Asks: 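This structure is in structure tokens; I'll ask about it shortly.
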There are 2 protein chains.
Amino acid sequence: MSRSRNETSNGAGGTAVLRRAPLSRERVLRAAVVLADEAGIDSLSMRNLAQELGVAPMALYKHVANKEELLDGMVSVVVAEIDPPATGRDWKCGVREMVLSARRALLRHPWAPQVIESRTQAPPIVLDYMNSLIGMFLEGGLSADLTHHAMHALGSRMWGFTQEVFPTPAPPADPDAQAVMFREVAQRYPHIVTIATIGSHDEGTAPGGGCDDQFEFEFALDVLLDGVERLHQKGWTSAGRKHS
Amino acid sequence: MSRSRNETSNGAGGTAVLRRAPLSRERVLRAAVVLADEAGIDSLSMRNLAQELGVAPMALYKHVANKEELLDGMVSVVVAEIDPPATGRDWKCGVREMVLSARRALLRHPWAPQVIESRTQAPPIVLDYMNSLIGMFLEGGLSADLTHHAMHALGSRMWGFTQEVFPTPAPPADPDAQAVMFREVAQRYPHIVTIATIGSHDEGTAPGGGCDDQFEFEFALDVLLDGVERLHQKGWTSAGRKHS
DNA sequence: GGGTGAGGTGTACGGCGTACACCTTCGATA
DNA sequence: TATCGAAGGTGTACGCCGTACACCTCACCC
């Protein structure tokens with residue numbers, strides 16, 4: 001409808017006449033990230049994304065091969081947001097800092113863990129990230145052997161998230177039903193109730209009511225890094241342990 | 001077609017005339033597990049499962065509310081395969097043994113990790129499992145506080161798997177292309193190549209060629225358990241660390 | 001000025017989960 | 001023994017999904 005002359009000649013070339021902002025892989029990926037951020041990953045269908053961009057669904061396939069590649073691209077966008085750590089630090093601090101930066105990026109995109117775990121190929125930028133993490137271990141003096149296993153031990157935590165399997169069920173709204181359920185739960189799962197009701201002073205009624213995710217994450221990360229450090233200091237090699 | 005008298009009166013009641021084995025929640029769940037085991041989780045659609053059972057798709061909905069509940073049930077079937085550890089052991093051995101039993105169960109059902117991670121509610125048997133894990137920590141003398149964080153730190157590893165994000169890409173078949181790619185990879189990701197080519201003596205050509213998953217799992221599990229044990233011996237509490 | 005290739009469109013196909021109305025069967029009850 | 005109601009199974013249909021394929025348009029270049 002309203003395509004005025006004003007939209008013309010917007011760049012160095014000086015000859016482009018744009019009816020609408022032209023699609024590009026970049027634009028598609030960014031729109032996908034925004035859509036997933038705002039509407040949830042379940043709302044990210046090729047059709048929805050196309051609509052968001054004011055374009056026919058099939059137009060997207062001129063810029064991404066298929067939905068899998070779209071998801072790969074979205075992961076790349078997120079990983080590109082991870083900051084490299086300040087240089088010249090202790091390897092443990094460096095790794096810690098970088099992983100926590102990854103975590104900050106992931107928290108901005110709640111869909112990312114799930115999508116990352118579903119990938120079957122690592123995009124190049126993802127390998128770059130892993131490469132620099134490994135580099136920090138190696139430059140810190142850890143053996144390639146120990147570094148290898150440390151990376152495996154980090155697992156998904158190197159992306160800044162811990163898959164929280166079976167998230168806490170929300171307690172029922174009705175206070176009576178809540179009391180009944182609490183009694184039943186306490187009887188069948190006494191240990192769960194024991195550990196769930198310490199620390200969460202505000203909300204002691206439901207298992208795991210108020211965990212501090214950030215604290216849990218750093219706790220686990222530090223246990224791992226401290227453990228690896230200790231093994232390093234002991235001169236650990238996998239040979240001595242392989243069949244014990 | 002061929003429903004003979006031979007199929008009648010097959011049980012205690014003595015009056016049942018069966019045209020085919022009757023459906024039941026139990027049968028549906030077990031068939032779903034078998035189908036997922038054999039054909040992969042992607043082949044598990046309500047339609048496929050119904051066909052496998054010789055039944056119309058909608059018949060399944062008389063036994064499970066919807067596909068989510070079907071998946072919940074399948075997880076329950078797998079978790080039921082986990083053996084409780086021998087009693088009277090050190091807490092660390094007990095936990096270790098039980099987690100490794102969980103791992104054995106999971107390895108029999110390769111689809112399980114993915115399905116477990118997609119659950120939003122824990123079925124009762126899953127809570128039973130967590131409850132008994134927690135019980136072992138507590139009976140071992142660990143504080144509820146430390147146990148709580150230890151469980152979080154275990155994360156998905158308490159189910160016997162480590163989500164291997166970005167699995168190793170398969171090297172190209174063509175040996176020439178393989179050599180070229182290896183050079184490129186070594187240039188861009190030197191650290192990855194460094195840690196990938198140690199230890200895997202048979203297959204040193206591709207990153208991460210031949211990792212021993214079981215070893216990696218136990219390594220990480222032991223780092224965590226040892227770390228927790230050390231904190232326990234030091235009388236660790238979360239209070240001292242919460243804002244350091 | 002005609003050809004070319006990149007980018008966008010429209011239609012259609014086969015799959016999915018499942019709502020809904022329906023039919024059959026069978027045990028419990030009047 | 002007649003009736004009824006519930007439990008279990010069926011068939012159809014709807015609205016999603018990813019995407020193959022043929023087509024159109026139009027800027028650009030020889």
Side-chain angles (χ1 to χ4, degrees), chain A residues 1 3 5 7-29 31-32 35-36 39-74 111 115 118 120, chain B residues 1 3 5 7-29 31-32 35-36 39-74 111 115 118 120:
Chain A
M1 316 304 166
R3 38 182 149 117
R5 277 273 156 76
E7 289 169 330
T8 66
S9 92
N10 66 329
T15 60
V17 179
L18 306 180
R19 351 210 107 204
R20 84 192 80 202
L23 239 43
S24 72
R25 187 179 161 89
E26 198 63 19
R27 245 168 67 77
V28 169
L29 295 184
L35 180 55
I41 193 67
D42 288 344
S43 302
L44 182 78
S45 66
M46 299 302 271
R47 288 169 153 91
N48 278 347
L49 178 55
Q51 186 168 23
E52 209 70 19
L53 286 162
V55 122
M58 291 310 294
L60 302 176
Y61 289 88
K62 289 293 196 301
H63 303 277
V64 295
N66 49 44
K67 189 171 182 183
E68 288 298 290
E69 204 194 276
L70 175 74
L71 293 172
D72 287 345
M74 292 170 68
W111 47 269
V115 173
S118 73
T120 57
Chain B
M1 319 304 165
R3 39 181 148 115
R5 277 275 156 75
E7 290 170 328
T8 65
S9 91
N10 66 330
T15 59
V17 179
L18 305 180
R19 350 212 110 202
R20 84 193 79 206
L23 239 43
S24 73
R25 187 180 162 89
E26 199 62 19
R27 245 168 67 74
V28 169
L29 295 184
L35 180 56
I41 192 68
D42 288 344
S43 302
L44 181 79
S45 65
M46 299 302 272
R47 287 166 152 94
N48 277 347
L49 178 55
Q51 186 168 24
E52 208 71 19
L53 286 162
V55 121
M58 290 310 295
L60 302 177
Y61 289 89
K62 289 293 193 313
H63 303 276
V64 294
N66 49 43
K67 189 170 183 185
E68 288 298 290
E69 204 195 276
L70 175 74
L71 294 171
D72 287 345
M74 293 171 67
W111 47 270
V115 173
S118 73
T120 58

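Below, chain A is the first sequence line, B the second, and so on; all start at residue 1. All values derive from a computational prediction rather than experimental measurement.
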Asks: Rounded to the nearest 0.5 Å, what's the gap from CG on A:Leu60 to CZ on A:Arg27? Could you check?
Replies: 10.5 Å
Asks: May I ask you to verify if any side-chain N or O of A:His63 is less than 4.0 angstrom from the OP1 or OP2 atom of C:dA6?
Replies: no
Asks: Restricting to non-hydrogen atoms, name the atom on B:Asn66 and the atom on B:Tyr61 that form the minimum distance, rounded to 0.1 Å.
Replies: CA-CE2, 3.8 Å
Asks: Using five base pairs at each end to define the local axes, how bent is the helix from C:dG1-D:dC30 to C:dA30-D:dT1, to the nearest 10°?
Replies: 20°
Asks: Kindly indicate, with the supporting measurements, whether the criterion side-chain contact (heavy atoms from CB on, under 4.5 Å) is fulfilled by B:Met74 and B:Val64.
Replies: CA-CA 11 Å; B:Met74 293 171 67; B:Val64 294; over 6 Å; no
Asks: Starting from P on C:dG10, measure out to CG on A:Leu60 and report it in whole angstrom.
Replies: 14 Å
Asks: Could you state the CG-C1' distance from B:Leu70 to C:dT18, rounded to the nearest angstrom?
Replies: 14 Å
Asks: Is there side-chain contact between A:Leu49 and A:Leu70, with heavy atoms separated by less than 4.5 Å?
Replies: yes
Asks: Once you round to the nearest 0.5 Å, how far does CG of A:Leu53 lie from CD of A:Gln51?
Replies: 10.5 Å
Asks: So, are B:Arg25 and B:Glu69 salt-bridged, with charged N and O less than 4.0 Å apart?
Replies: yes
Asks: For every nucleotide of nucleotides 16-22 of chain D, 5' to 3': is a protein heavy atom under 4.0 Å from its base (B), only from its sugar-phosphate (S), or from neither (-)?
Replies: -BBBBB-
Asks: Which pair of heavy atoms, one from A:Leu23 and one from A:Ala59, lies closest together, and at what distance?
Replies: CD2-CB, 4.2 Å
Asks: Return the minimal non-hydrogen interatomic distance between B:Leu44 and B:Lys67, and the atom names on each side.
Replies: O-NZ, 2.8 Å
Asks: What is the distance from CZ of A:Arg27 to C1' of C:dG8, rounded to the nearest Å?
Replies: 13 Å
